[in-house]
Structure formats: C-alpha cells, structure tokens
Enquirer: 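Shown below is the structure under consideration.
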Amino acid sequence: QVQLVESGGQLVQAGDSLRLSCTASGGMFSSLAMGWFRQVPGKERTFVAGINWSGANTFYTDSVKGRFTISRDNDKNMVFLQMNNLRPEDTAVYYCAADSRWRSTVIGRDVDPQTSDFDSWGQGTQVTVSS
C-alpha cells in the first residue's frame, strides 16, 4: 500500500493562492489515480479534485472549478493542488488519497468520487483562509 505525505497547508487571506503537495512512496505511483479531499470538524470528508494515472483526466467538485488545479509528476511520485482565489469556505484539513487499483478509472466518470473509492490516505494538512 502506498504511503502519502501532504505538505503546504497554512493560514492565508481570502483571495490568496496556495499549493499543496503530496509525496507518495511504497507503491507504483504512476499507475494510481490520485485525489484530494477535505474535511471540516463535524462534517464528512468530501472530494475536491482528482487526476487519473497518466494525468490526462482531471475532475473537480463544482465549488472549486476554475480556481483549483490538480497535477502530478510521475517521475517524482508527487501530486499537487494549486488553489487560487481562496475563500473562507475553503478552510479545512486537506487529505491526499490514492486508489491502488491499477490504472483505475475512478476519475473521469463525471461524478464526485467517494472516500470509499480510495484506499490510501495521508495525514492531512490544514488550510485556513481568513476573511
């Protein structure tokens, strides 16, 4: 099972940009679909963005479309989430997730993937957006 470590979360102001990084180890990263989820206290973890194994397909939840961009570097075993024009409602713990099924098609079905579609998770990184 792949191990994931997120970084990059911090306190920013509304309108600022931030880039989260996730480094993977222990698995065949280049064959894995990857995702970013977020969670606020007392609420369920929800999908933010996903990218397929090759990087050719990406998908975003509606609230971040046009503001967030997910990308990956398979040579470095990393996935990124570029977040622009941040809003206070983006405040959450952000989690990196991997779907260990070889070349999974979970990204590209035109619906938000669920947490159950992913089986490896990082520890999370806090993003706080002040108004």
Enquirer: With a 4.0 Å cut-off, would you call Arg101 and Asp119 a salt bridge?
Expert: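 Judged by the 4.0 Å cut-off on N to carboxylate O distance, Arg101 and Asp119 do not form a salt bridge.
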Enquirer: List the steps and the verdict of side-chain contact (heavy atoms from CB on, under 4.5 Å) for Thr105 and Asn52.
Expert: CA-CA 7 Å; Thr105 58; Asn52 79 326; over 6 Å; no
Enquirer: Test Phe59 against Ile51 for side-chain contact (heavy atoms from CB on, under 4.5 Å), laying out the working first.
Expert: CA-CA 7 Å; Phe59 192 74; Ile51 188 166; over 6 Å; no
Enquirer: Does the side chain of Trp102 come within less than 4.5 Å of Leu32's, by heavy atoms?
Expert: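 The answer is no, as the side chains (C-beta and beyond) never meet within the 4.5 Å cut-off.
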Enquirer: Side-chain contact, heavy-atom cut-off 4.5 Å: Thr46 with Arg38?
Expert: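 Yes; the side chains approach each other to less than 4.5 Å.
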Enquirer: Can you name the closest pair of heavy atoms from Ala33 and Ile107 and give their distance?
Expert: CB-CG1, 4.3 Å
Enquirer: Quick one: closest heavy-atom pair of Ala98 and Val2, and the distance?
Expert: CB-CG1, 3.6 Å
Enquirer: Give a yes or no answer on whether the side chain of Ser130 reaches the backbone of Val12 with a donor-acceptor pair at less than 3.5 Å.
Expert: yes
Enquirer: One thing to verify: whether Asp16 and Arg87 come together as a salt bridge, which I'm taking to mean a side-chain N less than 4.0 angstrom from a carboxylate O.
Expert: no
Enquirer: Rounded to the nearest 0.5 Å, how far apart are CG of Asn77 and CD of Gln3?
Expert: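 Asn77 CG to Gln3 CD: 11.5 Å, rounded to 0.5 Å.
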Enquirer: Could you tell me whether the side chains of Gln82 and Asn84 share a donor-acceptor contact shorter than 3.5 Å?
Expert: yes
Enquirer: Please say whether more than 12 non-hydrogen atoms of neighbouring residues, nucleotides or ligands are located less than 6.0 Å from CD in Gln13.
Expert: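 Open.
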Enquirer: Does Leu4 reach the side chain of Trp121, with side-chain heavy atoms less than 4.5 Å apart?
Expert: no
Enquirer: Below 4.5 Å, heavy atoms only, C-beta onward: do Phe80 and Asp73 meet side chain to side chain?
Expert: yes
Enquirer: When you compare the side chain of Glu89 with that of Val129, does any pair of heavy atoms fall below 4.5 Å?
Expert: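 No; the side chains remain at least 4.5 Å from each other.
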Enquirer: Is the closest side-chain heavy-atom distance between Leu18 and Val127 below 4.5 Å?
Expert: yes
Enquirer: Suppose the criterion is disulfide (SG to SG under 2.5 Å): which pairs have a residue in residues 32-131, not counting sequence neighbours?
Expert: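 Only Cys22-Cys96 qualify under disulfide (SG to SG under 2.5 Å).
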Enquirer: What verdict does the side chain to side chain donor-acceptor pair (under 3.5 Å) test give for Gln126 and Thr128, after you've listed the backbone C-alpha separation in whole Å, the side-chain angles of each residue and the deciding distance to 0.1 Å?
Expert: CA-CA 6 Å; Gln126 177 71 47; Thr128 303; 3.3 Å; yes
Enquirer: Answer yes or no: is there a side-chain heavy-atom contact under 4.5 Å between Met83 and Tyr94?
Expert: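 Heavy-atom side-chain distance check passes, below 4.5 Å.
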Enquirer: Answer yes or no: are there more than 12 heavy-atom neighbours, outside Glu44 itself, under 6.0 Å from its atom CD?
Expert: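 No.
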Enquirer: Take Ile70 and Val79 through the side-chain contact (heavy atoms from CB on, under 4.5 Å) test and state the conclusion after the steps.
Expert: CA-CA 7 Å; Ile70 188 171; Val79 63; 3.9 Å; yes
Enquirer: Please enumerate all residues that pass salt bridge (Lys or Arg N to Asp or Glu O under 4.0 Å) together with Arg19, with sequence neighbours excluded.
Expert: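 Not a single residue meets the salt bridge (Lys or Arg N to Asp or Glu O under 4.0 Å) criterion with Arg19.
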Enquirer: Other residues, nucleotides and ligands only: do more than 12 of their heavy atoms fall within 6.0 Å of NZ on Lys65?
Expert: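 Correct, the count exceeds 12.
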Enquirer: Ignoring hydrogens, what is the shortest heavy-atom contact between Pro113 and Phe118? Give both atom names and the distance.
Expert: CB-CE1, 3.7 Å
Enquirer: Verify side-chain contact (heavy atoms from CB on, under 4.5 Å) between Met78 and Ser21, making sure each step is shown before the conclusion.
Expert: CA-CA 7 Å; Met78 296 185 73; Ser21 300; 3.9 Å; yes
Enquirer: Do the side-chain N and O atoms of Asp99 and Ser104 include a donor-acceptor pair separated by under 3.5 angstrom?
Expert: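 Yes, Ser104 and Asp99 have a side-chain donor paired with an acceptor closer than 3.5 Å.
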Enquirer: So, for Phe37 and Tyr95, is the gap between ring centers shorter than 6.0 Å?
Expert: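 Aromatic pair excluded; centres sit 6.0 Å or further apart.
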Enquirer: Answer whether the closest heavy-atom distance between the side chains of Trp36 and Glu6 falls below 4.5 Å.
Expert: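 In short, these two side chains touch, coming nearer than 4.5 Å.
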Enquirer: What is the minimum heavy-atom distance between Ser120 and Gln1, and which atoms define it?
Expert: OG-CG, 2.9 Å
Enquirer: Do you know which of Asn85, Leu20, Leu86 makes side chain to side chain contact (heavy atoms under 4.5 Å, CB included) with Phe68?
Expert: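 Of Asn85, Leu20, Leu86, side chain to side chain contact (heavy atoms under 4.5 Å, CB included) with Phe68 is met by Leu86 alone.
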Enquirer: Report yes or no: is the cationic atom of Arg72 (NZ for Lys, CZ for Arg) under 6.0 Å from the centre of the six-membered ring of Phe29, at an angle within 45° of the ring normal?
Expert: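 The answer is yes, since Arg72 meets both limits relative to Phe29.
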Enquirer: Is it the case that the side chain of Thr61 and the backbone of Val48 share a donor-acceptor pair, with hydrogens and angles ignored and the cut-off at 3.5 Å?
Expert: no
Enquirer: Give me the atom names and distance for the closest heavy-atom approach of Ala49 to Tyr60.
Expert: CB-CD2, 3.5 Å
